[in-house]
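Here's the structure we're looking at; comments come further down.
Just the heavy atoms: all of them, side chains too, but no hydrogens, waters or symmetry mates, feed the values below. Reminder, nothing fancy here: chain letters follow the sequence lines and each chain counts from 1.
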Amino acid sequence: MIHSLFLINNAGDIFLEKHWKSVISRSVCDYFFEAQEKAMEPDNVPPVIRTPHHYLINIYRDKIFFVSVIQTEVPPLFVIEFLHRVAEMFQDYFGDCSEVAIKDNVVIVYELLEEMLDNGFPLATESNILKELIKPPTILRSMVNSITGSSNVGETLPTGQLSTVPWRRAGVKYTNNEAYFDVVEEIDAILDKSGTTVFAEIQGVIDACVKLSGMPDLTLSFMNPRLLDDVSFHPCVRFKRWESERVLSFIPPDGNFRLMSYHVNAQNLVAIPVYVRQNISFFESGSSGRLDITLGPKQTMGKTVECVVVTVHMPKVVLNANLTATQGNYTYDPVTKILVWDIGKLNQQKLPNLKGSLSLQSGAPKPEENPSLNIDLKIQQLAISGLKVNRLDMYGEKYKPFKGVKYVTKAGKFQTGKVVPKQSSRLLFDKTK
Amino acid sequence: MSSSSAFNDEKGGSSSVGEPEYGHDPASGGIFSSDYKRHDDLKEMLDSNKDSLKLEAMKRIVAMVARGKNASDLFPAVVKNVACKNIEVKKLVYVYLVRYAEEQQDLALLSISTFQRGLKDPNQLIRASALRVLSSIRVTIIVPIMMLAIKEAASDMSPYVRKTAAHAIPKLYSLDPEQKDQLIEVIEKLLADKTTLVAGSVVMAFEEVCPERIELIHKNYRKLCNLLIDVEEWGQVVIINMLTRYARTQFLNPNINESLLEEGGEKEFYASDDDEDDEEKKAEAAALAKRKPYVMDPDHRLLLRNTKPLLQSRNAAVVMAVAQLYFHLAPKAEVGVIAKALVRLLRSHSEVQYVVLQNVATMTIKRRGMFEPHLKSFYIRSTDPTQIKILKLEVLTNLASETNISTILREFQTYIKSMDKDFVAATIEAIGRCATNIGEVRDTCLNGLVQLLSNRDELVVAESVVVIKKLLQMQPEQHSEIIKHMAKLIDNIQVPMARASILWLIGEYCEHVPKIAPDVLRKMAKTFTNEEDIVKLQILNLAAKLYLTNSKQTKLLTQYVLNLAKYDQNYDIRDRARFIRQLIVPTDKSGALSKYAKKLFLALKPAPVLESPFKDRDHFQLGSLSHLLNTKAGGYQELPEWPDSAPDPSVRNVEVPEWSKCTSRKERKEKKVEKPFYSDSEGESGPTESADSESDSGSRSESDSEQTGSGSESEESVEESQSEEEEDEEEEKMKKKKKVDKSQPKKSESAESKIASEIQFLLSTSVAPTSSPQVTPVNNFLSSSLASDLEGLSLTDTVLAPTTIAPSASVRMYELLHRITGEGLGVEYCFNRQAFSPDPHMVAVQIHFTNNTSCETKNLHIEEPKLQSGMRIKEFPEIDMLPAGESVSVVMGIDFCDSTQAANFQLCTHTRKFFVSIQPPVGELMTPIFLTENEFKKEQTGHN
């Protein structure tokens with residue numbers, strides 16, 4: 001299956017290579033560099049590249065290209081999903097998945113890769129198992145190890161490997177038994193210039209941090225499970241219970257994990273928490289333009305909207321922006337042409353406004369498309385879909401755990417100012433009949 | 001600390017070059033010498049006695065390996081440490097060894113004996129890792145050793161070691177393909193393994209070594225289907241892909257009779273019993289009425305049903321695997337369920353989106369309706385990468401139909417304004433395709449495209465021209481205005497493809513624009529030399545056509561153009577000019593062809609069909625690499641066509657009477673039930689279940705607590721088992737011999753198997769075989785508190801049933817030793833649910849030997865039990881002789897210590913020893929208790 005893996009940074013340096021079968025020369029990456037050059041942007045590098053003797057399947061993550069070499073037929077998603085799992089494991093072990101972190105921990109990285117694949121086929125990809133086999137680096141441990149010469153490598157087979165709950169290690173003990181669940185929802189929306197919703201949906205996840213001793217068997221139920229339209233689960237969740245009773249029944253992994261992801265039925269109207277009034281115009285003559293953006297809270301269920309950031313991708317001809325913000329700061333990067341306005345908390349009384357002029361490249365034609373705005377925001381203690389956790393029950397252990405649920409709403413891909421042709425306006429493609 | 005410092009040193013040494021290093025040139029002066037020195041001190045460290053120094057050295061070496069530097073000269077120093085006590089040093093040595101063994105074969109052999117010793121280690125982790133490294137060393141000379149090690153590990157009692165053995169199979173196969181036959185034997189053996197841990201790995205080995213030996217799957221098919229949900233994610237993908245192929249060879253096309261299916265398709269997916277009854281009736285009726293409608297094989301249904309929940313997996317590869325399985329195998333009406341899951345994947349990483357969209361694009365061509373409700377999910381965001389945008393566009397185009405075309409076109413219209421020009425070009429092409437596919441909007445689209453001709457962006461205009469050309473070909477008469485308009489454009493458009501398209505159009509329809517055409521040719525003649533080749537060819541084309549239709553005006557121009565072309569640098573153009581000249585200019589020598597010149601050039605050309613590049617891609621198995629690339633990748637297994645008539649389904653029947661159960665279907669239907677006792681039987685909860693989930697369906701029986709207290713149900717035994725639908729076929733057979741004779745010991749346990757063993761009690765009714773059986777209540781979901789209550793019940797007046805009941809159909813037989821592996825000796829066992837009189841703590845296990853050989857077997861006895869601490873075995877008395885063809889039953893006792901750990905021991909005959917293991921299902925760990933009916937009811941009422 002997976003033959004080799006090369007890690008390549010943005011500058012095109014191959015800074016790590018690992019082979020699970022015979023060694024493949026790193027010159028195979030030349031095909032990748034070629035594709036990368038052609039694609040211009042990292043996002044546009046085709047995930048699957050064909051070379052005369054191999055196939056390269058790559059992902060781009062955290063400014064690193066993970067390039068794997070394949071020789072025979074294998075489902076591409078299989079490899080892609082695995083590579084992402086590798087990246088997540090680095091994140092989990094080292095706090096972030098950067099070139100520096102990988103280089104600093106190159107031995108652990110190597111040991112991990114060795115355990116994760118055997119002959120190119122995934123062996124152990126569960127974080128709980130790997131952490132028993134190879135202990136994550138901590139400052140204390142590395143100091144102790146350098147003095148005593150003891151190792152980071154476990155000597156016994158992780159119990160999880162053999163059981164049907166491979167995601168949980170045995171013999172977990174905590175003095176404080178806690179289970180926290182974060183319900184995080186993201187609104188994906190496209191609003192048109194007047195603020196009408198063109199498209200909106202809610203994606204949610206439930207991230208859990210479970211620190212419970214022994215083998216707890218948890219059951220999480222919702223007040224309104226009907227809201228959930230499409231769900232995907234961590235392997236620990238029992239499908240059958242969900243299908244029959246709409247409850248999440250599971251033996252949790254130890255530590256942090258994503259319990260489920262869900263999608264809220266699109267038929268339920270999505271409450272849009274803010275409204276935007278924007279006016280960006282470019283003048284035909286004089287190579288300048290005007291920008292005027294105002295934001296206000298809309299349906300927030302009495303909660304404060306925080307961390308509001310507005311991002312605008314300006315057309316290439318915009319050289320600079322001279323603006324004043326009534327609240328927060330703005331920056332304009334003339335290289336990437338991105339205007340960022342960091343507003344912070346949204347104030348009911350005084351609506352934040354950003355106003356001023358844009359200077360354009362002289363002589364260039366006026367941009368055709370008015371830029372659209374991407375908005376980022378956060379609302380604490382609110383799941384915008386209205387999803388509510390009903391209760392959490394624990395079986396199998398005798399102690400009383402401390403339980404907590406937190407709700408957060410964020411903006412996902414939240415875009416406004418899309419110019420959508422309306423029926424009334426003169427239409428290019430309106431049916432003639 | 002150590003590793004990082006080493007790393008930095010090296011970085012200083014080499015990255016100063018500032019370029020990606022390709023290998024590392026050992027001849028490059030300074031670096032080489034410093035490396036050489038460093039290697040010296042590494043060698044010293046490796047030779048020292050201190051583990052910490054060794055570890056430090058190994059870490060630095062591995063860091064070098066990771067950076068792709070050559071560390072092969074350290075091989076002798078490293079390989080010495082292969083037997084090091086420190087486990088981390090050992091692991092790093094393994095890493096090094098696997099990397100360089102191929103280059104240093106002779107030295108690598110020094111390490112082999114260490115691994116051979118490791119293979120016998122009592123620690124399963126060490127056994128497994130020894131096998132892993134041994135099989136990873138690519139040295140041909142050790143092939144026989146590897147073969148032996150794999151064979152041994154395949155019958156290891158630790159499933160983890162067996163899994164490693166499965167992983168080793170493809171390694172050995174790639175090293176020495178001649179071992180194939182022997183390896184297939186091992187695969188066959190491992191395929192029969194009942195643990196989820198092994199299943200994925202062995203199927204992977206099967207796929208790599210002998211994917212064509214589909215017959216090996218027959219006996220394991222149902223087991224694989226049932227285990228699937230508990231297999232780890234990666235194994236699931238491999239198994240599902242393999243089963244897709246399998247199903248294509250074994251079952252009939254469910255869509256063979258579309259019309260019949262329409263009616264059947266409305267059914268609930270989880271077909272209730274009624275449905276199945278209907279189906280059966282249908283089947284019978286069909287058998288009578290000779291022409292038989294399609295009836296889905298229950299095994300086919302089993303596969304579809306057991307894979308469906310995996311659509312909810314977090315792993316995109318699993319979801320895709322199930323989606324392709326449904327696409328290739330499910331009846332048309334059921335395929336729809338995958339759409340939602342695939343749309344969900346579109347919110348994942350962009351690489352995942354890329355692959356999923358490719359597959360969706362192929363699916364939308366065949367099954368458009370499936371994705372229509374999700375149209376909006378394919379709308380393009382300005383932040384999408386271009387390659388994703390273009391794929392989404394493809395999907396949107398495929399989804400366009402008369403009902404949604406106006407929405408889609410309006411959406412397209414916004415895309416045209418995008419700053420991403422490649423994407424705009426693709427959008428225009430997409431509009432063209434919509435226009436050809438949907439006649440109603442052709443005019444609208446054409447008008448829209450014509451408006452785009454006045455766009456400021458040349459690329460937009462050029463692409464529009466190309467698309468308009470294709471559209472006009474469909475109905476040129478009505479559009480001479482547009483052609484005229486385009487003729488004017490030729491002055492401004494510089495994009496060659498667009499110029500060529502305009503010229504072709506004018507040439508083709510020169511009769512519609514008789515005045516303009518010669519003028520265009522005149523202009524082109526002027527610029528001929530500066531044009532691109534593709535344009536030059538079209539100029540020649542235009543000249544020829546005009547010469548044929550309007551030779552008066554264009555004769556000279558044509559001559560001129562032909563002369564220019566005659567001396568062109570490009571031989572294609574020279575050839576074309578020569579060809580045209582011979583055809584159109586009548587000379588003495590010109591042959592018969594010139595008479596037909598007009599027919600040749602001005603023949604009515606069929607309108608182009610604008611097709612999706614994804615058309616017909618579905619002959620590749622979806623989700624595969626080959627599908628993505630649209631060419632066959634190495635090792636790709638073709639998806640076979642459906643067979644015309646189904647092969648014998650009985651090949652999948654498993655010999656052991658697995659589904660020994662007697663149920664009354666009617667009774668079951670009446671019950672409202674549906675709170676199965678083992679809520680997720682397929683075993684996510686209990687550690688035992690994976691081992692026997694295939695079996696628990698049959699053996700575990702329980703009844704609903706609703707039955708409590710009423711005496712009437714004693715007429716029939718009512719059993720409920722969550723997976724029973726799966727075994728309908730078997731059930732049918734059983735039903736025929738329907739005898740109400742079961743007196744099933746009923747067991748109960750709490751949902752948590754751990755405490756189950758504490759609740760040693762059993763509510764049982766033991767009745768004489770002929771009398772009607774009784775139903776025993778079972779508490780669904782005993783909470784732990786309830787469980788402890790029950791524990792308190794002192795069931796003092798128990799009477800043990802004195803008789804030994806021969807293993808009847810009511811008791812599950814498990815296979816201990818298959819007659820093939822046992823070289824003719826077949827051994828089965830069952831928990832006969834009798835008290836084991838010599839020791840009340842032991843569970844009685846009835847063992848049934850069958851001698852299938854032609855000679856007698858002697859001295860059957862047990863040896864060398866390997867037991868978990870606390871477990872005990874009471875062996876059965878040695879059987880002196882078992883004549884050929886005879887069978888005999890004995891009873892042995894095992895104290896499992898209330899755990900579900902397997903008891904391992906050797907079964908010895910006078911010639912051979914077999915490693916066998918008995919793993920008890922939780923339910924068999926109970927002490928049988930005799931209760932009278934009244935006592936039973938008394939107990940029951942107290943707690944329900």
Side-chain angles (χ1 to χ4, degrees), chain A residues 12-14 16-17 26-27 43-44 47-48 50 59 72-78 80-81 84 103-104 106-107 110 114 118-119 121-122 142 146 149 151 153 155-157 161-164 199 203 217 230-234 238-241 368-369 372 395-396 413 419-421 428-429 431-432, chain B residues 1 3-4 7 20 51-52 59 62-63 66 68 87-88 91 95 124-125 160 167 171 204 230 234 237 309 312 314-317 320 340 344 347 351-352 354-355 376 381 385-387 406 409-410 413 417 443-444 448 451 623-626 628-629 633-636 679-680 683-684 687 690 752:
Chain A
D13 295 329
I14 303 171
L16 188 118
E17 64 176 70
R26 46 167 73 188
S27 61
D43 276 344
N44 271 328
V48 181
R50 216 169 129 197
I59 64 162
T72 50
E73 170 66 46
V74 57
L77 269 185
F78 185 95
I80 289 170
E81 184 79 25
H84 278 292
K103 279 181 167 177
D104 283 350
V106 70
V107 174
Y110 231 65
E114 185 74 25
D118 181 16
N119 194 36
F121 190 78
S142 60
S146 63
S151 71
V153 178
E155 299 200 18
T156 48
L157 184 69
Q161 273 286 27
L162 290 178
S163 75
T164 39
F199 170 74
Q203 316 292 342
D217 195 330
D230 179 43
V231 286
S232 69
F233 300 122
H234 188 277
R238 293 167 184 136
F239 291 121
K240 296 236 158 150
R241 284 288 299 276
E368 264 172 63
E369 192 189 20
S372 55
Y395 304 99
K413 295 168 182 160
V419 189
V420 176
L428 215 54
F429 297 115
K431 274 199 189 176
T432 40
Chain B
M1 186 190 128
S3 66
S4 66
F7 203 92
D51 277 355
S52 58
K59 281 185 171 177
V62 166
I87 191 136
E88 190 167 14
K91 276 210 165 170
V95 169
Q124 50 180 345
L125 183 64
Y160 185 67
H167 279 255
K171 296 185 205 171
M204 192 268 304
D230 287 329
W234 312 107
V237 178
Q312 250 75 55
R314 63 165 174 177
N315 187 322
M320 188 66 233
K340 210 187 254 182
R344 175 186 350 114
R347 291 167 217 138
E351 297 89 4
V352 175
Y354 177 83
V355 178
K376 280 192 171 180
R381 295 172 183 282
T386 310
Q387 52 183 353
S406 55
L409 281 182
R410 207 168 301 138
Q413 195 183 343
K417 292 185 180 157
D443 291 343
T444 324
Q451 287 183 40
S624 67
L625 185 62
S626 304
L628 191 89
L629 298 167
Y636 172 75
S679 63
D680 6 43
E684 291 167 275
S690 69
E752 295 78 33

At a 4.5 Å cut-off on heavy atoms, which part of B:Y354 comes close to chain A: side chain, backbone, both, or neither?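 Side chain of B:Y354 only, per the 4.5 Å heavy-atom cut-off to chain A.
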Please flag which part of [X] lies under 4.5 Å from any non-hydrogen atom of chain B: side chain, backbone, both or neither.
X      : answer
A:F121 : both
A:L16  : both
A:Q203 : side chain

Output yes when a side-chain donor or acceptor of B:Q387 lies under 3.5 Å from a complementary backbone atom of A:D43, and no otherwise. yes
Using a cut-off of under 4.5 Å on heavy-atom pairs, state which of B:M204, B:R381, B:K376, B:M320 scores highest against chain A. B:R381
Mind checking what makes side-chain hydrogen bond (donor to acceptor under 3.5 Å, both in side chains) contact with A:R50, not counting sequence neighbours?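 Partners of A:R50 by the side-chain hydrogen bond (donor to acceptor under 3.5 Å, both in side chains) criterion, ordered by chain and then number, come out as B:T631.
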What do the steps show when you test B:V95 against A:Y110 for side-chain contact (heavy atoms from CB on, under 4.5 Å), and what is the final call? CA-CA 8 Å; B:V95 169; A:Y110 231 65; 3.5 Å; yes
Between B:K340 and A:D230, is a salt bridge (charged side-chain N to carboxylate O under 4.0 Å, His left out) present by the stated rule, with each step listed? CA-CA 7 Å; B:K340 210 187 254 182; A:D230 179 43; 5.7 Å; no
Mind checking what makes side-chain contact (heavy atoms from CB on, under 4.5 Å) contact with A:P75, not counting sequence neighbours?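 Only A:F78, B:V237, B:N241 meet the side-chain contact (heavy atoms from CB on, under 4.5 Å) criterion with A:P75.
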Under a 4.5 Å cutoff for heavy-atom pairs, which residue among A:V231, A:I80, A:N44 has the most contacts with chain B? A:N44
